[in-house]
Amino acid sequence: MDFALTEDQKMLRDMIQRFSEDQLQASAVADDKLGCLNSSTVVKLRELGLLGLADDGGDLGFAAVDEFRHP
């Protein structure tokens, strides 16, 4: 069984990594203190197609793609 990432998966991983380093890292401490993402981050996640809705025990909330953390 081949567990290597496809080229599409590698591109997605790299895009998410760049976004995290460029956009999320700068506001991570403030967002953690507030306990939420700022609205501009949510807009950027949506524009990249990384934002969806998740059902958390009957409560709908936002969920970002979190599958490709490590290159």
Backbone of L37 reached by a side-chain donor or acceptor of T41 within 3.5 Å: no
E47: partners by salt bridge (charged side-chain N to carboxylate O under 4.0 Å, His left out), with sequence neighbours left out: none
Considering all heavy atoms, the nearest K10-L5 contact: CE-O, 3.5 Å
CA sep, side-chain torsions, deciding dist, call: Q23, L45, side-chain contact (heavy atoms from CB on, under 4.5 Å): CA-CA 10 Å; Q23 304 293 324; L45 286 167; over 6 Å; no
Linked hydrophobic residues, M1 as query - side chain contacts closer than 4.5 Å: F3
side-chain contact (heavy atoms from CB on, under 4.5 Å) between M11 and D8, intermediate numbers included: CA-CA 5 Å; M11 289 186 335; D8 285 343; 3.8 Å; yes
Nearest-0.5 Å distance that lies between atom CD in E7 and atom CG in L12: 12.5 Å
Inter-residue atom distance T6.OG1 - R13.CZ, 0.5 Å rounding: 10.0 Å
Hydrophobic cluster membership, V42 vs F19, 4.5 Å side-chain cutoff: yes
Please tabulate, for the side chains in residues 25-34, all donor-acceptor contacts under 3.5 angstrom to protein atoms that are two or more places apart in sequence or on a different chain.
from: S27; atom 1: OG; to: D31; atom 2: OD2; distance (Å): 3.1

